[in-house]
Amino acid sequence: MLNIGMISKWHVHAKDYAREITQNPNAQITAVWDEDPARGTEWAAELGVPFYADYAEFLASDIHAVCCDSPTTMHRDVLVPAAQAGKHIFTEKLLACTNEDAEAIAQAIRDAGVTFTISLPVKGSPAFQYIKGLIDGGKLGKVTGARFRRSHNGVSGNWLPERWFNVHESGGGAMMDLGAHPVYVITDLLGEPTRVAAMMTNLYDTSSDENAIVLGEFAGGALATMETAFVTNGVPDLLEVYGTEGSVFLRWNEVVQNLGDGPEEVDEDNMPARYIPMDKFVDACLAGVKEVPGLALHDALVMTRIMAKAYESA
């Protein structure tokens with residue numbers, strides 16, 4: 001049984017990860033720490049586990065691993081000590097807001113030899129795995145372009161929490177948060193871009209970007225856009241990949257491919273099974289495996305590098 005300590009309830013997905021842990025028969029939550037003691041005490045009571053106001057005492061408890069949902073700007077402060085204490089690490093994206101912090105975290109993890117997993121959930125979807133298989137299998141020929149968009153109306157619909165707009169905690173706006181999904185999806189398909197350009201705007205005058213598009217140039221000449229926003233309504237996940245021999249399109253969960261014989265809808269029964277990053281993490285920890293392919297330190301570091309370039313460009 002893997003004992004997991006929850007680091008903060010700051011992130012909006014913290015409750016989702018707690019649910020995934022409790023639903024996994026090989027894992028359990030045994031401790032909570034939070035930079036906000038009142039919030040942490042309340043959450044620990046809900047989970048039926050002890051709350052630790054002192055982070056060192058939290059790390060010294062009976063936990064084998066941590067699940068990090070702290071403010072993104074705090075990741076270095078909490079993850080480096082966790083690694084040094086020998087705790088396996090599951091973290092929400094991004095790994096860090098700066099390359100310096102990301103590299104420091106990565107080095108601590110390598111030095112400690114602990115298991116690391118970053119939560120990149122789109123990679124576990126049947127549709128994404130199917131599309132990646134087409135590309136890796138050469139079914140599209142030479143890939144020349146791609147696009148991925150994930151957006152919602154968190155600002156225009158006024159439902160995101162106020163803390164989301166404190167850049168001293170979040171490190172950025174829509175691109176730093178929701179835009180991480182387009183970044184890791186496109187880079188998993190095309191590799192790390194050789195050049196990045198970005199435009200970001202504020203329609204509602206919050207403290208950071210609310211609407212963003214990042215353009216990447218990739219080895220071989222492929223171009224891709226990574227798009228996100230907190231100011232759109234009713235927009236599905238949109239993934240398009242274009243190649244010299246065919247193209248493929250994702251809308252909601254529907255995949256349509258054109259491999260030269262006209263458009264064809266792909267039945268989900270013909271796609272790989274869905275996987276959940278948290279389950280992959282638990283399995284890796286218990287098996288003594290250091291990283292999960294696609295959810296590894298390399299993937300986390302690439303995301304931070306691209307995000308830093310995007311904000312510099314914007």
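None of the values given here were measured: they were computed from a predicted structure.
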Evaluate the criterion side chain to side chain contact (heavy atoms under 4.5 Å, CB included) for residue pair H75 and S70; output intermediate values, then yes/no.
-> CA-CA 7 Å; H75 279 197; S70 75; 3.3 Å; yes
For V241 and I131, what are the C-alpha separation, side-chain angles and deciding distance, and is it a side chain to side chain contact (heavy atoms under 4.5 Å, CB included)?
-> CA-CA 8 Å; V241 186; I131 290 170; 4.2 Å; yes
Step by step, work out the side chain to side chain contact (heavy atoms under 4.5 Å, CB included) result for V122 and R150.
-> CA-CA 11 Å; V122 176; R150 172 168 282 191; 3.5 Å; yes
For S119 and E92, run side chain to side chain donor-acceptor pair (under 3.5 Å): C-alpha distance rounded to whole Å, both residues' side-chain angles, the deciding distance at 0.1 Å, then the answer.
-> CA-CA 5 Å; S119 182; E92 178 59 276; 4.6 Å; no
Steps toward side chain to side chain contact (heavy atoms under 4.5 Å, CB included) verdict (I4, H64) | CA-CA 6 Å; I4 301 178; H64 308 123; over 6 Å; no
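Here H181 and F148 keep their ring centres 6.0 angstrom or further from each other.
Between D237 and R149 no salt bridge is recorded (no basic side-chain N to carboxylate O distance below 4.0 Å). Salt bridge annotation for K280-D283: absent, with no cationic side-chain nitrogen under 4.0 angstrom from a carboxylate oxygen. Remark: D34 engages R39 in a salt bridge, criterion side-chain N to carboxylate O under 4.0 Å. Remark: R305 engages E192 in a salt bridge, criterion side-chain N to carboxylate O under 4.0 Å. The existence of a salt bridge linking K9 and D69 is excluded, since no basic side-chain nitrogen approaches an acidic carboxylate oxygen closer than 4.0 Å. By the 4.0 Å N-to-carboxylate-O rule, D177 lies close enough to K93 to be salt-bridged with it.
In this structure, CD in E210 is found 6.0 Å from CG in L203, a value given to the nearest 0.5 Å. In this structure, CZ in R274 is found 12.5 Å from CZ in F128, a value given to the nearest 0.5 Å. For the atom pair L189 CG and L239 CG, the distance stands at 6.0 Å (nearest 0.5 Å). Between the CG atom of L250 and the CD atom of Q257 there is a distance of 12.5 Å, given to the nearest 0.5 Å. Rounding to the nearest 0.5 angstrom, the gap separating the CG atom in L79 from the CD atom in Q84 is 11.0 Å.
The number of heavy atoms from other shown groups lying within 6.0 Å of NZ (K15) does not exceed 12. Residue K139 places its NZ atom among 12 or fewer non-hydrogen atoms of other residues, nucleotides or ligands, all under 6.0 Å distant. For Q28, the CD atom sits in a packed shell: over 12 heavy atoms of surrounding residues, nucleotides or ligands are nearer than 6.0 Å. Heavy atoms of other residues, nucleotides or ligands lying less than 6.0 angstrom from CG of D77 number more than 12. The neighbour count for R195 CZ, taken as heavy atoms of other residues, nucleotides or ligands under 6.0 Å away, does not exceed 12. Remark: N158 CG is loosely packed, at most 12 non-hydrogen atoms of other residues, nucleotides or ligands lying under 6.0 Å away.
Between W164 and W10, the angle of the ring planes stays under 30°, which puts this pair in the parallel group of the 30/60° scheme. Note on ring orientation: taking the six-membered ring where Trp is involved, the planes of W33 and Y55 are perpendicular (angle over 60°, cut-offs 30° and 60°).
At a threshold of 4.5 Å between side-chain heavy atoms, the hydrophobic network of Ile, Leu, Val, Met, Phe, Trp and Tyr places I89 and M74 in one connected group. Hydrophobic clustering (ILVMFWY, side-chain heavy atoms < 4.5 Å, transitive): I21 and V78 are in distinct clusters. Both I105 and L59 are assigned to one and the same hydrophobic cluster, defined by single-linkage of ILVMFWY side chains at heavy-atom distances under 4.5 Å. When hydrophobic clusters are built by joining Ile, Leu, Val, Met, Phe, Trp and Tyr residues whose side-chain heavy atoms come closer than 4.5 Å, directly or via intermediates, M175 is not grouped with V167. Both Y275 and Y130 belong to a single network of hydrophobic side chains, linked directly or stepwise wherever heavy atoms of I, L, V, M, F, W or Y lie under 4.5 Å apart.
Among the candidates M226, R147, E227, the single residue satisfying the side chain to side chain contact (heavy atoms under 4.5 Å, CB included) test with P182 is M226.
In terms of modelled atom types and a separation under 3.5 Å, the side chain of S207 and the main chain of F165 share a donor-acceptor contact.
Side-chain atoms of V214 and T225, non-hydrogen and from C-beta on, never get closer than 4.5 Å to each other.
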